[in-house]
Amino acid sequence: MKEPISSKDLATLIQAISEPAISLSLDIRRAGLLEHVLGQQGNLNVQGEAQQKLDVLADEAFIRAFQSCGIVCAIASEENDDYLAFPSDAGLNGEYVVLFDPLDGSSNIDVNVSIGTIFSVYRRISPKGTMPDLNDMLQPGTEQVFAGYVLYGSSTMLVYTTGNGVDGYTLDPVKEQFMLSHETMRMPENGRIYSMNEGNIQECEQGLVRYIQYCQSRENQTGMPYSGRYIGSLVADFHRNLIKGGIYIYPEVPASPQGRLRLLYECNPLAWIAEQAGGLATTGRKRILEISPTSLHQRAPYYVGSKWMVEKAMAFLA
Ligand code: AFP
């Protein structure tokens, strides 16, 4: 049985996440006025995607915060090719590794649409005092001890779990503090929202095509077509479905044969939040949290959301 994170370590990590998140939130609010915030950096990241200036700023800010918090020995981020170990004394003795997507949905930055940060924390496997290694980073999602996201939406929220339910905190921009606003969040067991990039539907497997037809028909439990909602920022789509009930799908498609989403930075942390709130997260066939990762930037097909909706989609795939 996994030992829960101590409240002292949790407080240290929340502080490490909150500081850059609050500063980013303030920058995002003024994005159109700040030259260093809008637009592309001119590089491609390891996934071959164009990096936005804010991707790079956010990545650097979170790395600095984790490095200086004194209990993290290594990080891996969606924006970097390899993991980064912190070789100082404090770093080598750090008990945790953090995997994160500094700015999810970054193609939405320039058009003033919600974006997010996603993080996932594990206890290291290698002994303290030694250099952390790749095995520390490649743990199944069941081993997470702390995971969550920051949503930079119409308000900024921090939502997290340590394995004992899910709580949401809203940023008070005057006090520059996250305040508990959504205690013990529960995802409705069923819903009437489906979220998927339907531009891909003709390239999807038949089971999924039929599930989407079912969502659009009067045959579902509501007797009415579901609403289609797709922001294109996973954190924002997930957060809406967490509150209202719904399903988010990113399947295998020819352009992304393993799906588009990254298992370690995106799927695992949100899968744990979903399960802790009463929802489900699968590849369409198997539980996300039980996948043993083999590489840092591994992708996975993703079906996440209200329990009955994910089960129904899986029945169509089967
Ligand atoms: P970006 O961070 O590159 O914008 O990717 C966002 C994302 O990983 C996820 O947040 C979205 O739900 C998904 O990709 C959008 O992908 P499509 O544009 O293929 O629908």
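One-based numbering, in listed order, for ligands and for the atoms of each.
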Practice task
Can you measure from CG (Leu84) to CG (Asp59) and round to the nearest 0.5 angstrom?
Solution key: 9.5 Å
Handout entry: Proximal ligand 1 atoms for Gly105, defined as those under 4.0 Å from one of its heavy atoms
Key = 1 (P), 2 (O), 4 (O), 6 (C), 10 (O)
Handout entry: Modelled atom types, side-chain donor and acceptor of Thr222 and Asn220, under 3.5 Å
Key = yes
Practice task
Give yes if a backbone or side-chain nitrogen or oxygen of Asn200 is under 3.5 Å from a nitrogen or oxygen of ligand 1, and no if not.
Solution key: no
Handout entry: Side-chain donor-acceptor contact under 3.5 Å, His182 with Tyr169
Key = no
Handout entry: Proximal atoms of ligand 1 relative to Ser107 (non-hydrogen, under 4.0 Å)
Key = 4 (O)
Exercise for the section: Please determine if Arg229 and Glu198 form a salt bridge, counting it only when a charged side-chain N lies under 4.0 Å from a carboxylate O. Expected result: no
Problem - Any N/O pair Asp237/ligand 1 closer than 3.5 Å - result: no
Problem - Ligand-residue contact atoms, ligand 1 with Arg262, heavy atoms, under 4.0 Å - result: 8 (O)
Practice task
Dump the intermediate steps for side-chain hydrogen bond (donor to acceptor under 3.5 Å, both in side chains) on Gln298 and Thr294, then the final yes or no.
Solution key: CA-CA 7 Å; Gln298 184 170 338; Thr294 52; 3.2 Å; yes
Handout entry: Atom indices of ligand 1 within 4.0 angstrom of Leu234 heavy atoms, with elements
Key = 9 (C), 10 (O), 11 (C), 12 (O)
Completion exercise
So CD of Glu266 and CD1 of Ile288: to nearest 0.5 Å the spacing works out to 11.0 Å
Problem - Contacting atoms of ligand 1, where contact means under 4.0 angstrom from a heavy atom of Ser233 - result: 10 (O)
Handout entry: Leu261 neighbourhood, listing ligand 1 atoms whose heavy-atom distance to it stays under 4.0 Å
Key = 8 (O), 9 (C)
Completion exercise
Checking heavy-atom distances from atom 3 (O) of ligand 1 to each of Glu266, Arg260, Arg299, the winner is Arg260
Practice task
Using heavy-atom distances, let me know which of Tyr248, Phe238, Tyr250 sits nearest atom 12 (O) of ligand 1.
Solution key: Tyr248
Practice task
Please examine the side chains of Ile17 and Phe146, heavy atoms only from C-beta on, and report whether any two atoms are closer than 4.5 Å.
Solution key: yes
Practice task
Enumerate the atoms of ligand 1 whose separation from the nearest heavy atom of Ser106 is less than 4.0 angstrom.
Solution key: 1 (P), 2 (O), 4 (O)
Exercise for the section: Could you tell me the separation between the CG atom of Leu92 and the CZ atom of Phe86, rounded to the nearest 0.5 Å? Expected result: 11.5 Å
Fill in the blank from the handout: A student checking ligand 1 against Asn197 at a 4.0 Å heavy-atom cut-off should list atoms 17 (P), 19 (O), 20 (O)
